[in-house]
Undergrad: 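This is the structure, below, for whatever I ask next.
Protein chains get the first letters and strands the later ones, always in sequence-line order, with residue 1 at the start of each.
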Amino acid sequence: MSDLFAVVMLSGIYSLISASLFLDLDAVDVAFTEASVGAGISTLLMLASLKLVSRYQKKTRYKPILAFFVVVTTGAMLIYGTLDMPHFGTADAPVHTHVAPRYLNESMGEIGVPNVVTSVLASYRGYDTLGETLVIFTAGIGVMALLMVSKQTKQESKKLIPADMQQQIILRIVAKMMIPLILMFALYVQFHGDYGPGGGFQAGVIFAAGIILYTMLFGLSTSQEVFKATTIELFTAAGVLLYGGVGVVCMLLGGNFLDYDFLKHDPVHGQHLGILLVELGVGITVASVMMIIFFKFTWRTVKHKYKK
Amino acid sequence: MTTHLPILQVIIPLLAAPFCIFLRIPRLVGIFAILVSAAAFLVSCGLLQQVITAGTISYKLGGWPAPWGIEYRIDILNVYLLLLVSAMSTIVLVAAQTSIKKELPEDRHVFFYTSFLLCLTGLLGILATADAFNVFVFLEISALSTYTMIALGTDRRALTASYQYLIMGTIGATFIIIGVGLMYMMTGTLNMYDLAERLPEVNTSRTVLSAFGFFIVGVCLKLALFPLHLWLPNAYAFAPSIATAFLAATATKVAVYLLIRLVFSIFGIEFVVTVLPMQEIFMVLGLAGIFAASVSAIYQLNIKRLFAYSSVAQIGYMILGLAIGTKLGLVATLVHMFNHALMKAAVFLAIGGAVYRIHSAQLIHFAGLGRKMPLTMAAIVIGGLSLIGVPLTVGFVSKWYLVLALLENGWWPVAILVLMSSLLAVMYVWRTVEWIYFTPPRINIDDVTEAPLSQLIPIWILVLANIYFGLNTSLTVGLSKMAAESLYGIFGGVL
């Protein structure tokens with residue numbers, strides 16, 4: 001398929017369907033993440049980059065026979081591998097009998113958070129989540145380093161740049177009503193992750209989506225009045241530092257790195273506080289990285305459009 | 001604080017990287033990066049001492065015991081590589097201060113150092129952890145930051161090189177995560193040592209077999225084993241000189257480490273050699289890599305590309321050592337990992353020094369530089385001699401152990417092939433020497449002088465290390481032997 005717009009749309013649909021599949025498998029948190037990250041923001045970012053390049057792929061003469069062969073082999077290997085795997089839903093499958101029972105039975109007493117996924121993600125395997133946050137930060141650094149905005153373009157932006165969709169009155173009015181709700185929902189997801197599905201990743205993405213919607217309708221220069229690129233750059237780093245900082249404080253208080261038990265006199269309270277703080281760190285980094293990526297892409301469009 | 005050394009090893013650069021964004025002033029960030037890297041080096045020295053006196057260290061992250069939480073486990077093998085990676089990054093960062101100033105516009109310096117520290121974090125994280133999923137997370141950190149560093153190269157082709165690596169690297173990482181996922185499905189655990197205990201019960205199943213297959217292919221993509229090496233030459237050729245030196249010295253070694261961990265600590269050498277003909281596969285691919293890449297190296301016009309191909313060939317030697325499947329073979333691989341890092345860091349930093357003066361990495365532009373920058377060029381020559389394996393250099397030590405291991409196992413035809421392959425190394429090194437010393441200059445190099453001191457000192461530290469570790473092998477061979485003993489110890493030395 002050479003129409004890249006269709007490709008992007010199809011990949012969005014693919015994500016949405018897999019999100020429904022995850023929901024069907026009772027993995028609500030995963031479904032939520034897939035829907036907000038896979039179907040939501042990544043489709044948006046791909047569309048933003050599509051705006052920079054042309055919609056249609058150039059014709060290539062290359063016939064990817066080898067690639068096709070590799071893909072078929074990999075697929076065959078995967079099917080071969082799944083033939084022996086434990087049947088879906090078997091109670092005595094290794095995944096259900098080895099590590100999981102402790103997570104399910106003890107986490108309420110050890111951590112005191114009703115959502116087990118959050119316990120595993122932010123405490124039992126909290127260090128992985130720190131790593132994931134750092135991955136997001138690294139991606140942000142990559143975009144910031146490669147898509148530098150020149151001083152000239154910055155000067156250009158001082159003049160008011162109208163958004164492409166400035167004229168869409170219905171969209172503007174609906175968006176004005178929606179944006180506060182989106183931001184509120186983001187905060188709900190952020191701080192309610194202990195009790196229901198949600199957490200920093202989803203919340204950050206939803207928050208960023210709200211701001212991006214605003215930027216698309218009201219223009220880059222208007223949204224930059226509040227969300228200055230330089231400030232957001234600092235926020236991308238601040239989230240990681242908050243997360244890591246909690247870990248270091250735990251160490252200073254006598255525990256191991258990220259052992260929230262030591263944050264307060266009562267281990268369960270400590271766990272609560274720790275999880276809240278690290279989720280906040282995740283949320284800050286994710287939201288600001290998503291925004292900065294979108295802003296950088298939009299800068300590029302500005303540059304192409306208003307260059308004399 | 002000494003009990004926290006394992007985690008400090010990784011979180012010092014981890015937290016320093018975002019902190020760079022707050023520092024903002026390029027100069028300050030550069031010096032800060034050196035200090036951070038030096039701190040990481042000191043930590044690994046401390047760890048080395050602890051491991052030697054007290055044995056393997058285990059550190060529970062978040063205070064959770066092993067299969068439930070993530071564990072860091074430091075043994076001789078980890079600490080050997082932690083030491084190597086942190087030492088190399090420190091030396092390279094010293095040279096970076098001036099080199100980066102010339103090669104990158106000033107507003108990108110902060111981002112470069114941040115990426116560098118992120119890459120260091122990723123590599124150290126892969127080395128320190130005992131958790132298979134944690135490996136994947138840190139692999140992504142190191143990979144993403146590497147793509148950024150490569151894409152920052154001055155030549156516009158750096159972008160396509162980086163993109164090519166991004167695609168290949170992502171496929172590699174995906175394969176690794178599929179492998180980890182399948183292993184988790186069959187055992188219900190992610191901890192490497194727990195996996196090692198639980199895998200034998202199920203290792204006849206097809207799922208475990210495909211898990212092994214996916215993991216191996218993914219790692220081999222990362223370590224650029226022939227014929228999965230296609231991303232490497234361009235990535236090394238067009239990246240900023242400093243990034244090339246750092247990646248050539250560390251990144252592929254960490255991937256080789258991962259392969260060794262997988263084979264010896266997770267699956268066990270018995271499984272690996274009995275279930276699949278891995279020894280034969282590795283031997284053939286290793287030898288093919290050595291010859292194909294060395295021959296390609298001879299025909300390169302860009303000196304960075306030339307030595308990048310030579311890197312692919314050297315990886316062939318490491319894999320060949322593994323293929324032998326004996327303790328001595330493993331020692332040869334481990335020694336060569338350390339020695340190759342010394343050679344390539346020296347060579348690529350010296351090339352960086354020359355690029356700093358003449359703004360080109362084309363071999364033709366190096367003509368006549370031997371007289372203009374004698375010290376820098378001598379470094380390339382000594383590094384080259386080391387690549388060939390001339391006595392008194394580390395390269396000789398590597399080849400010696402490799403040939404010894406091959407002969408011990410009765411693989412004398414392979415030993416002969418290895419010695420013959422050295423002749424190919426002679427050819428590509430001689431070609432550079434010919435251009436540097438015996439060809440009149442092709443461009444105006446009248447006002448070219450020696451590389452700045454801040455680069456010459458790190459270059460010569462590495463060159464002297466090339467000679468020192470060629471004469472005194474107690475550290476490299478000693479640690480390698482201890483690591484090999486302990487790796488074979490787990491499974492009682494089946495071979």
Undergrad: Just say parallel, tilted or perpendicular for the rings of B:Y72 and A:Y127, cut-offs at 30° and 60°.
TA: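 Perpendicular, since the angle between the ring planes exceeds 60°.
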Undergrad: Who in residues 178-188 of chain B is close to chain A, using a strict under-4.5 Å heavy-atom cut-off?
TA: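 B:I178, B:Y184, B:M185, B:M186, B:T187, B:G188, listed by number.
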Undergrad: Closest approach of A:H98 and B:D194, non-hydrogen atoms and distance?
TA: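 Heavy atoms only, the tightest pair is NE2-OD2, 2.6 Å.
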Undergrad: Against chain A, label B:D131 side chain, backbone, both or neither, depending on which of its atoms sit under 4.5 Å from a heavy atom there.
TA: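 Only the side chain of B:D131 comes within 4.5 Å of chain A.
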Undergrad: Please classify the contact of A:L83 with chain B as side chain, backbone, both or neither, using a heavy-atom distance under 4.5 Å.
TA: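 Interface part for A:L83: side chain.
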Undergrad: Looking only at atom types and distance, does a side-chain atom of B:T207 sit under 3.5 Å from a main-chain N or O of A:G81, one as donor and one as acceptor?
TA: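 Between the backbone of A:G81 and the side chain of B:T207 there is a qualifying donor-acceptor contact (under 3.5 Å).
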Undergrad: Got A:F137 and B:I21 here, is their nearest side-chain heavy-atom distance under 4.5 Å?
TA: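 A side-chain contact exists here, since the closest heavy-atom pair is under 4.5 Å.
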Undergrad: Tell me if a side-chain donor or acceptor on B:Y147 pairs with a main-chain N or O of A:G142 at a distance below 3.5 Å.
TA: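 Side chain of B:Y147 to backbone of A:G142: no pair is present.
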Undergrad: How about B:F133: does its CZ atom have over 12 heavy atoms from other parts shown lying under 6.0 Å from it?
TA: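 More than 12 within 6.0 Å, yes.
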Undergrad: Relative to chain B, which segment of A:V248 carries a heavy atom at a distance below 4.5 Å: side chain, backbone, both, or neither?
TA: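 Answer is side chain: those atoms of A:V248 sit under 4.5 Å from chain B.
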Undergrad: Out of B:G62, B:A151, B:C20, which one racks up the most heavy-atom pairs below 4.5 Å with chain A?
TA: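 So the answer, after comparing B:G62, B:A151, B:C20, is B:G62.
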Undergrad: At a heavy-atom separation under 4.5 Å, does B:V208 approach chain A through its side chain, its backbone, both, or neither?
TA: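 Neither part; nothing is under 4.5 Å.
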Undergrad: Tell me, for A:L78 versus chain B, whether the close heavy atoms (under 4.5 Å) come from the side chain, the backbone, both or neither.
TA: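 Looking at A:L78, backbone and side chain both touch chain B.
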Undergrad: Do you know which of B:E140, B:R24, B:R198, B:M149 has the most heavy-atom pairs with chain A at a distance under 4.5 angstrom?
TA: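 Going by pairs under 4.5 Å, I would pick B:R198.
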Undergrad: Quick check for you: among A:R102, A:E110, A:E132, A:M77, which has the greatest number of heavy-atom pairs under 4.5 Å with chain B?
TA: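 Top option by heavy-atom pairs under 4.5 Å: A:R102.
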Undergrad: Out of B:P18, B:S145, B:G213, which one racks up the most heavy-atom pairs below 4.5 Å with chain A?
TA: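 Highest number of heavy-atom pairs under 4.5 Å: B:P18.
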Undergrad: Looking at every heavy atom in both B:K60 and A:N256, which two are closest together, and how far apart are they?
TA: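 Result for this residue pair: O-ND2, 2.6 Å.
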Undergrad: Applying side chain to side chain contact (heavy atoms under 4.5 Å, CB included), run through B:V110 and A:M144 and close with a yes or a no.
TA: CA-CA 11 Å; B:V110 175; A:M144 285 189 249; over 6 Å; no
Undergrad: Flag the one option from A:V135, A:V99, A:D261, A:T285 with the top tally of heavy-atom pairs under 4.5 Å to chain B.
TA: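 Between A:V135, A:V99, A:D261, A:T285, the count favours A:V99.
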Undergrad: Heavy-atom cut-off 4.5 Å, strictly under: side chain, backbone, both or neither for B:I11 against chain A?
TA: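 Interface part for B:I11: side chain.
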Undergrad: Relative to chain A, which segment of B:L118 carries a heavy atom at a distance below 4.5 Å: side chain, backbone, both, or neither?
TA: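 When you check distances to chain A, only side chain atoms of B:L118 fall under 4.5 Å.
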Undergrad: Between B:P6 and chain A, which part of the residue has a heavy atom less than 4.5 Å away: side chain, backbone, both or neither?
TA: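 It is neither, since no heavy atom gets under 4.5 Å.
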Undergrad: Report the distance from atom OG1 of B:T129 to atom CG of A:D128, rounding to the nearest 0.5 Å.
TA: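 Nearest 0.5 Å value for the OG1-CG distance: 7.5 Å.
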Undergrad: Could you check whether atom CZ of B:F19 has more than 12 heavy atoms from other residues, nucleotides or ligands sitting under 6.0 Å from it?
TA: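 Result for CZ/B:F19: open.
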Undergrad: Below 4.5 Å from any heavy atom of chain A, which atoms of B:L104 appear? Answer side chain, backbone, both or neither.
TA: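 No part of B:L104 comes within 4.5 Å of chain A.
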Undergrad: Hey, could you give me the CG/CG distance between B:L152 and A:L146, rounded to the nearest 0.5 Å?
TA: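 Reported to 0.5 Å precision, the distance equals 5.5 Å.
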Undergrad: What option among A:Y124, A:Y260, A:F262, A:Y243 has the most heavy-atom pairs under 4.5 Å with chain B?
TA: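 Heavy-atom pairs under 4.5 Å are most numerous for A:Y124.
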Undergrad: Side chain, backbone, both or neither: which part of B:F22 has a non-hydrogen atom closer than 4.5 Å to chain A?
TA: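 Both parts, backbone and side chain.
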Undergrad: Pick one of side chain, backbone, both or neither for B:I70, based on which atoms fall under 4.5 Å of a heavy atom in chain A.
TA: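 For B:I70, backbone and side chain are both near chain A.
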Undergrad: Side chain, backbone, both or neither: which part of A:Q271 has an atom under 4.5 Å from a heavy atom of chain B?
TA: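 Just the side chain, heavy atoms under 4.5 Å.
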Undergrad: Could you check A:I141 against B:L144 for side chain to side chain contact (heavy atoms under 4.5 Å, CB included), going step by step and ending with a plain yes or no?
TA: CA-CA 9 Å; A:I141 288 290; B:L144 280 178; over 6 Å; no
Undergrad: As an exercise: rank A:T97, A:V120, A:T138 by heavy-atom pairs under 4.5 Å with chain B and give me the winner.
TA: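 The candidate making the most pairs under 4.5 Å is A:T138.
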Undergrad: Nearest 0.5 Å, please: how far is CZ in A:R125 from CG in B:L190?
TA: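 B:L190 CG to A:R125 CZ: 5.0 Å, rounded to 0.5 Å.
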Undergrad: May I ask you to name which of A:T82, A:T74, A:T236 has the most heavy-atom pairs under 4.5 Å with chain B?
TA: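 That would be A:T74.
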Undergrad: Take a 6.0 Å sphere around OH of B:Y163 and say whether it holds more than 12 heavy atoms from other residues, nucleotides or ligands.
TA: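 No.
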Undergrad: Could you go step by step and tell me if B:L14 and A:L130 meet the side chain to side chain contact (heavy atoms under 4.5 Å, CB included) rule?
TA: CA-CA 10 Å; B:L14 189 154; A:L130 174 61; 4.2 Å; yes
Undergrad: Among B:G122, B:C119, B:S210, which residue forms the greatest number of heavy-atom pairs with chain A at distances under 4.5 Å?
TA: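 Between B:G122, B:C119, B:S210, the count favours B:S210.
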Undergrad: Against chain B, label A:A238 side chain, backbone, both or neither, depending on which of its atoms sit under 4.5 Å from a heavy atom there.
TA: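 A:A238 touches chain B through backbone and side-chain heavy atoms alike.
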